[in-house]
Amino acid sequence: MFLSSHHHVSRAHLITSKLFCARTASTSLFSNSQSAAFIAAAGSAKSIPKLHGLPEVIVTGRANSGKSTLFNAVLGRKALLHTSKKAGRTRELNFFRVGPEPGKLILVDAPGYGARGRPEWGAMFDRYIKHEGTPARLHSFQWQTPLNSFDTQMLTHLSKMLLSDRGTQPFTLQSIITKADCIPADQIPTVISRMRRQIWEAAPLCLPPIVTSTQMSPPFGIEEVRKNILDACGLP
């Protein structure tokens, strides 16, 4: 769904005034888009690269939820993370360094879940979270309203992983609502409120969702996501 520039501005203003005040100041780590780089793709534990203790942020979402497009915008790049109209393009854990070498943090792009997902992708993701990875925060993407069964099942699954056997919380879970431009303008407050409630019901420990759109002019919610990443990793 494409909108004219006038509709983009009106929609962004409505979301901002109804939901929250978006940050617009650029964050220093993301100001140099060329400092982000692909490191490696891992299809097994043996191929996971050495991360040298850098904080990790992992992103997952249903296939075609727009996670790769959004994080290209967050990193200030057009095609660092592969995007495709065909669901299931991401089939491995893809590792990206953010910041000049040796880097400030690691972004891990995980395969999408849903009807196009595969059991082995889910097993690899779970194994990484539980054993190999040390994520500071896991970002989960939702865009369909209402959330479908794949979304709620994944949110519930991730919520259970938030508490370890020792009763500690090894990482935090952040929901991100993408493609806000696809919501009819007069339904935005109602739709977002319903999605917030559905996310909380499926994952009570999940942080309140961030609303985003890469199709608005300018893109909406990007600075909010950037600050969220820096806060999770303890970076200024």
Side-chain angles (χ1 to χ4, degrees), residues 41-42 56-75 77 79-96 98 106-129 133 135-162 171-183 191-192 194-196 198-203 205-215 219-222 224-226 228-229 232:
E56 303 162 49
V57 171
I58 303 177
V59 298
T60 187
R62 185 155 45 87
N64 277 357
S65 63
K67 63 182 177 66
S68 297
T69 299
L70 176 65
F71 269 88
N72 275 326
V74 167
L75 297 175
R77 302 283 284 275
L80 182 59
L81 280 73
H82 291 302
T83 61
S84 175
K85 292 182 179 179
K86 183 178 180 180
R89 175 68 181 270
T90 303
R91 300 184 178 187
E92 300 173 298
L93 294 173
N94 292 311
F95 294 78
F96 299 86
V98 181
I106 298 295
L107 174 67
V108 186
D109 186 20
Y113 59 84
R116 298 294 182 91
R118 296 181 181 179
E120 59 266 30
W121 296 350
M124 176 178 62
F125 175 82
D126 284 359
R127 185 170 62 251
Y128 180 77
I129 294 292
R137 181 160 293 167
L138 194 153
H139 289 78
S140 177
F141 288 72
Q142 287 77 41
W143 67 274
Q144 183 173 344
T145 177
L147 302 187
N148 69 15
S149 60
F150 292 114
D151 292 316
T152 54
Q153 288 171 16
M154 186 61 168
L155 283 167
T156 300
H157 177 64
L158 294 174
S159 186
K160 292 178 180 177
M161 296 174 70
L162 286 176
F171 62 91
T172 51
L173 176 62
Q174 174 68 62
S175 175
I176 297 180
I177 296 174
T178 56
K179 304 184 182 183
D181 53 284
C182 294
I183 305 173
V191 169
I192 297 299
R194 181 171 62 241
M195 292 184 74
R196 287 179 185 270
Q198 291 175 319
I199 291 167
W200 181 83
E201 289 173 350
L205 295 179
C206 183
L207 297 171
I210 301 172
V211 183
T212 68
S213 170
T214 58
Q215 297 300 314
F220 185 82
I222 303 302
E224 192 77 11
V225 175
R226 287 172 173 169
N228 184 275
I229 292 172

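- Using a 4.5 Å heavy-atom threshold, the side chains of Gln174 and Val225 count as separate.
- Heavy atoms only, all atoms of each residue included: Leu155 and Ala202 are closest at CB-CB, 3.8 Å.
- Remark: the backbone N or O of Asn228 is paired with a side-chain donor or acceptor of Arg137 at under 3.5 angstrom.
- Rounding to the nearest 0.5 angstrom, the gap separating the CG atom in Asp126 from the CE atom in Met161 is 4.5 Å.
- The closest side-chain donor-acceptor pair between Gln142 and Ser175 falls under 3.5 angstrom.
- Within the 4.5 Å cutoff, side-chain heavy atoms of Leu158 are placed close to those of Ser140.
- A distance of 5.5 Å separates CD in Glu224 from CD1 in Ile210, rounded to the nearest 0.5 Å.
- Using a 4.5 Å heavy-atom threshold, the side chains of Phe220 and Thr212 count as separate.
- Looking only at side-chain heavy atoms (C-beta outward), Thr60 and Phe141 stay at 4.5 Å or farther from each other.
- Atom-to-atom distance recorded for His157:NE2 and Phe125:CZ is 7.0 Å, nearest 0.5 angstrom.
- Annotation: side chain of Leu93 is in contact with side chain of Pro111 (closest heavy-atom distance under 4.5 Å).
- Taking the side chain as every heavy atom from C-beta outward, Asp151 and Gln198 never approach each other to under 4.5 Å.
- Residues Leu205 and Leu173 are not in side-chain contact: their nearest non-hydrogen atoms beyond the backbone lie 4.5 Å or more apart.
- The CD1 atom of Ile222 sits 10.0 Å away from atom CG of Asn72, with the distance rounded to the nearest 0.5 Å.
- Ile229 is not listed as a side-chain neighbour of Leu107, based on a closest heavy-atom distance of 4.5 Å or more.
- Interatomic distance, Thr178 OG1 to Gln215 CD, rounded to the nearest 0.5 Å: 11.0 Å.
- Note that CD1 of Ile129 and CZ of Phe171 are 5.0 Å apart. Values are rounded to the nearest 0.5 Å.
- Although no hydrogens or angles enter the test, the distance criterion places a donor-acceptor pair under 3.5 Å between the side chain of Thr172 and the main chain of Ala136.
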